[in-house]
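To start, the structure under review is shown below, and the notes come after it.
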2 protein chains.
Amino acid sequence: MSGSASANNLVKLFGVNGTRRTPAVDGWNVRCASYPQTIAEPRLVPNRRKIFTEGEAADFFYQVVSGQVRTYTMLDDGRRQIDGFYLAGDIFGIEAGPLYRFSANSIGEVAVFAFRRSDLERLTNLNSELGKAILFSLVGSLARKQDHLLLLGRKSAKEKVAGFLLDMAQRAARATTSGMPLQRADIADYLGLSRETVSRVLSQLSRDGIIGAHAGR
Amino acid sequence: MSGSASANNLVKLFGVNGTRRTPAVDGWNVRCASYPQTIAEPRLVPNRRKIFTEGEAADFFYQVVSGQVRTYTMLDDGRRQIDGFYLAGDIFGIEAGPLYRFSANSIGEVAVFAFRRSDLERLTNLNSELGKAILFSLVGSLARKQDHLLLLGRKSAKEKVAGFLLDMAQRAARATTSGMPLQRADIADYLGLSRETVSRVLSQLSRDGIIGAHAGR
DNA sequence: CGCTCGCTTGAGGACTTTCAACTGCCGTGG
DNA sequence: CCACGGCAGTTGAAAGTCCTCAAGCGAGCG
């Protein structure tokens, strides 16, 4: 989605319908250090290519260097739930069990570091930057998921979309990510709505002058 | 809620409407070691008492020893979203920022260990049981939240309740927790439904013989 | 014994989805 | 070079799910 969100207006809109008592997490971005080749393998992923798929052996976990990644779960009847979007610095794909429990795709061209899962214990035991980064990232992901839960469980379509735009605008500002080619379907599956509803709400917000015109794709 | 869920029937029901491609996480319960008094302070929390509240300084994090804890977020218009239920061994209340972003309450009488947040870094740097337990617990929480997201975003009321009963039955079995006095309102706020809808669905499942009679409170 | 609280059930209504048609853009191929 | 097909998005109408409001029930407690 390419609409430029006006945070102020959205906050105003947001305030009408129910605000969190504590401000949403400000994200806990982890700086992207450079790692010795022996532990971090750099990889380049082309547009809309899978990084890993649900059910595969979870031998690696990843840190985003540039671009965006989305992780999602599918039901066997085709319904899809996007768990999250990951920007530069974010870590994803750490599993407790032997298999990935969800899939990950690139959105646009993406660069990542791949870490061997078997190194995880060793890495965290070191008093390393990476160990802290992992801990920090996990806690940040957890916080983000809590906001997401609130969004999905207790908010109207309009609040969902507004909250989403706000969140993404903030994160994008911090991560200095270039314009993101997010599709309606992605937003819908992130928010638990249908594409049509997302489209309607965006049109509505646009008509009300709350967000800038959202040019085509 | 006191209905005894018949897992088999629920799975059957579940299979009709959409199943995950990979089985739900089996939980990553962390054994409850005993810790030296210097790092872990044991606490006893009476029934339905707050453990911490959103917005307070997040000076401690906790591990459940016995009983159950629920964490939740409130909107200022009274809507509530329960993030999760924590059973024996689970760790909760770790924050990246200085404040708690949600509140925690006991359900029934609860015993916990309280850890100083300022010790966190030291604890994780050690090659300690606790460090691993924390990492493991965080990853487990994340997995659980993903299931929760799927539940909230892409499932019908019936699927939500069924999924919830299944999940709780499994966890309770593992944690050997005694019967849980969960109220309809708690279930509703966990699933993003109204109390009435939860009640209706439970009645329906009961009529269909899928769950045992759910005696009063 | 009466009150309160949690649960249940019904009826009507609001919000979101589903189905369907239409638009504009882009790449492909004649 | 232009026509065609496909894809993403938009919009409308009808249908469905879930919520809100409201009343009734039963158990526990003062």
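On a predicted model such as this, the values are computed, not experimentally measured, just so you know. Order of the sequence lines fixes the chain letters, A, B, ..., with proteins taken first and strands second; residue numbering starts at 1 for each chain. Any value given below was found using the heavy atoms of this structure, including those in side chains, with hydrogens, waters and symmetry copies removed.
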Is the A:Y62-A:F113 ring centre distance short of 6.0 angstrom? no

Is the B:F102 to B:Y72 ring centre distance short of 6.0 Å?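 Centroid distance B:F102-B:Y72: not below 6.0 Å, so no.
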
Can you tell me whether the side chain of [X] and the base of [N] have a donor-acceptor pair closer than 3.5 Å?
X      : N      : answer
B:Q183 : C:dC5  : no
A:R79  : C:dT18 : no
B:E196 : C:dC7  : no
A:R200 : D:dG9  : no

Nearest-Å distance, [atom1] ([X]) to [atom2] ([N])?
X      : N      : atom1 : atom2 : value
B:K155 : D:dG16 : NZ    : C1'   : 20 Å
A:L193 : D:dG16 : CG    : C1'   : 16 Å
B:L191 : D:dC19 : CG    : C1'   : 15 Å
A:K160 : C:dT16 : NZ    : P     : 8 Å
A:Q204 : D:dT10 : CD    : C1'   : 13 Å
B:L202 : D:dC18 : CG    : P     : 14 Å
A:R207 : D:dT10 : CZ    : P     : 11 Å
B:E159 : D:dT17 : CD    : C1'   : 12 Å

A:T197 side-chain N/O to C:dT17 phosphate OP1/OP2 under 4.0 Å: yes

side-chain N/O B:S203 vs C:dC7 OP1/OP2, d < 4.0 Å: no

Which residue lies toward the 5' end of DNA chain D, A:R154 or A:R195, if each is placed at its nearest nucleotide?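 On the 5' side of the pair lies A:R195.
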
Taking [X] first and then [Y], would you say they form a salt bridge - that is, a charged N and a carboxylate O separated by under 4.0 Å?
X      : Y      : value
B:R117 : B:D59  : no
A:R79  : B:E159 : yes
A:R101 : B:D147 : yes

For the side chain of A:A157, counting heavy atoms from C-beta on, which of C:dT16, C:dT17, C:dT8 is nearest?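 Closest nucleotide among those given: C:dT16.
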
Choose from C:dT8, D:dG9, C:dT17 the nucleotide whose nearest atom is closest to any side-chain atom of A:S194. C:dT17

